[in-house]
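Excluded from the calculations below are hydrogen atoms, water molecules and symmetry mates; all remaining heavy atoms, backbone and side chain alike, are included.
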Amino acid sequence: MQKAYEFDFVYDTQAAFRLLLEALSNPGRIVELGALAQKLGGAFAMPLTIAAVLVDNEVSFAVCGSDVLAEKITELTLAKPAALNEADYIFVTEGADWQAAVQAAKCGTLRDPHQSATVILCVADLQVGKLQRLSGPGIKDVQEIIMCPELQAALSKRDEQEYEYPLGLDFFALDQRGCLMGIPRKTRIESR
């Protein structure tokens with residue numbers, strides 16, 4: 001029997017989930033997801049790996065910037081695409097309108113904050129940009145990191161919306177080299 005992917009949807013999905021959890025639990029830390037993503041192959045290997053972990057037919061997703069990625073996620077997960085303001089997971093490809101995605105993303109309600117969206121932002125290079133300071137849960141005092149301009153701008157847009165805790169958006173940023181960073185909703189940035 002010939003497989004469509006080398007990716008094991010049991011073991012590799014569990015390994016990828018642990019990496020996503022590590023990234024979100026340690027804001028600003030870059031984890032390497034590339035080895036697992038290579039098993040899926042193709043131009044959208046990184047976002048498809050995240051989709052394999054997070055998306056199924058019980059949740060909704062939207063893609064900004066690529067109809068091909070939306071089709072591939074549906075093919076892989078059997079999930080149906082939704083409008084930006086209804087999607088549980090929003091994938092924003094390089095060069096797409098991240099502002100529209102962040103502005104339209106649902107932030108949950110005070111009764112159901114878990115119904116907020118998670119934004120997956122695809123960037124050219126995660127480790128090129130300006131020095132930023134991160135603070136918030138999971139960070140002792142302040143952490144300084146290099147942050148790409150796209151993620152910095154998207155987080156600034158999120159912060160402009162001034163969500164009341166526990167409302168807000170969680171972010172994953174990833175690049176084609178296999179680097180992944182998680183930024184939870186309560187993590188704040190400031191330029192240095």
* To do: Determine, step by step, whether F7 and F9 satisfy the ring-ring contact (aromatic ring centres under 6.0 Å, His included) criterion, reporting the C-alpha distance in whole Å, the side-chain angles of both residues, the deciding distance to 0.1 Å, and the verdict.
  => CA-CA 6 Å; F7 190 83; F9 285 90; 5.0 Å; yes
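Between the side chain of T187 and the backbone N or O of I183, no donor-acceptor pair lies under 3.5 Å. Side chain of T93 to backbone of C64: a donor-acceptor contact under 3.5 angstrom is found. The closest donor-acceptor contact from the side chain of S116 to the backbone of L169 lies at 3.5 Å or more, if one exists at all. Side-chain atoms of D175 come within 3.5 Å of backbone N or O of G178 as a donor-acceptor pair. A donor-acceptor pair under 3.5 Å is absent between the side-chain atoms of D112 and the main chain of H114, judged by distance alone.
Residues V31 and L21 fall within the same hydrophobic cluster, defined by Ile, Leu, Val, Met, Phe, Trp and Tyr side chains chained together at heavy-atom separations under 4.5 Å. Under the 4.5 Å side-chain heavy-atom criterion for grouping Ile, Leu, Val, Met, Phe, Trp and Tyr, V128 is not connected to I145 through any hydrophobic cluster. Hydrophobic cluster membership is shared by F44 and L36, with clusters built from Ile, Leu, Val, Met, Phe, Trp and Tyr side chains linked at under 4.5 angstrom. Two different hydrophobic clusters hold F171 and Y89 under the rule that ILVMFWY side chains link at heavy-atom gaps under 4.5 Å. No continuous path of hydrophobic side-chain contacts links L24 to L121 [ILVMFWY only; heavy atoms under 4.5 Å].
Using a 4.5 Å cut-off on side-chain heavy atoms (C-beta onward), P166 and L110 make contact. Looking at heavy atoms from C-beta onward, I189 lies out of side-chain contact with R133 at the 4.5 angstrom threshold. With contacts defined as side-chain heavy-atom distances shorter than 4.5 Å, the pair F91/T118 does not qualify. In this structure, the side chains of L180 and E32 stay at 4.5 Å or more apart for every pair of heavy atoms. Within the 4.5 Å cutoff, side-chain heavy atoms of L167 are placed close to those of P113. Within the 4.5 Å cutoff, side-chain heavy atoms of L174 are placed close to those of I120. Looking only at side-chain heavy atoms (C-beta outward), E6 and Q38 stay at 4.5 Å or farther from each other.
Q143 and R29 form no side-chain donor-acceptor contact under 3.5 Å, judged by distance and modelled atom types alone. Between the side chains of Q152 and Q132, at least one donor N or O lies within less than 3.5 Å of an accepting N or O.
Between the CD1 atom in I73 and the OG atom in S66 there is a gap of 8.5 Å [rounded to 0.5 Å]. In this structure, CG on L48 lies 9.0 Å from CD on E75, to the nearest 0.5 angstrom. Atom CZ of F17 and atom CD of E22 lie 12.5 Å apart (nearest 0.5 Å). Interatomic distance, OG1 of T13 versus CG of L54, reported as 10.0 Å (0.5 Å rounding). In this structure, the separation between CD1 on I139 and CG on L134 is 4.5 Å, given to the nearest 0.5 Å. The distance from the CD1 atom of I50 to the CG atom of L40 is 11.5 Å, given to the nearest 0.5 Å.
Qualifying salt bridge (charged side-chain N to carboxylate O under 4.0 Å, His left out) partners for K130, counting only residues two or more places apart in sequence or in other chains: none.
The heavy-atom pair separating Q127 from C179 by the smallest distance is OE1-SG, 4.2 Å. Smallest separation of non-hydrogen atoms from L151 and A173: CD2-CB, 3.8 Å. The two residues G129 and P149 have their closest heavy-atom pair at CA-CD, 4.3 Å. Scanning both residues, A100 and L84, for their nearest heavy atoms gives O-CD1, 4.1 Å. Nearest heavy-atom pair across A51 and T77 is O-CG2, 3.6 Å. A pairwise comparison of heavy atoms in G182 and F172 identifies CA-CD2, 3.9 Å as the closest pair.
Taking the six-membered ring for Trp and the full ring otherwise, the centers of Y165 and Y163 sit at least 6.0 Å from each other.
Judged as a salt bridge (charged side-chain N to carboxylate O under 4.0 Å, His left out), the pairs with a partner in residues 146-171 (not counting sequence neighbours) are, in order, K157-E160, D159-R188, D170-R185. The salt bridge (charged side-chain N to carboxylate O under 4.0 Å, His left out) analysis of residues 77-91, with sequence neighbours excluded, yields the pairs D88-K106.
Checking each of L69, D56, T74 against F61 for a side chain to side chain contact (heavy atoms under 4.5 Å, CB included) leaves exactly one that passes, namely T74.
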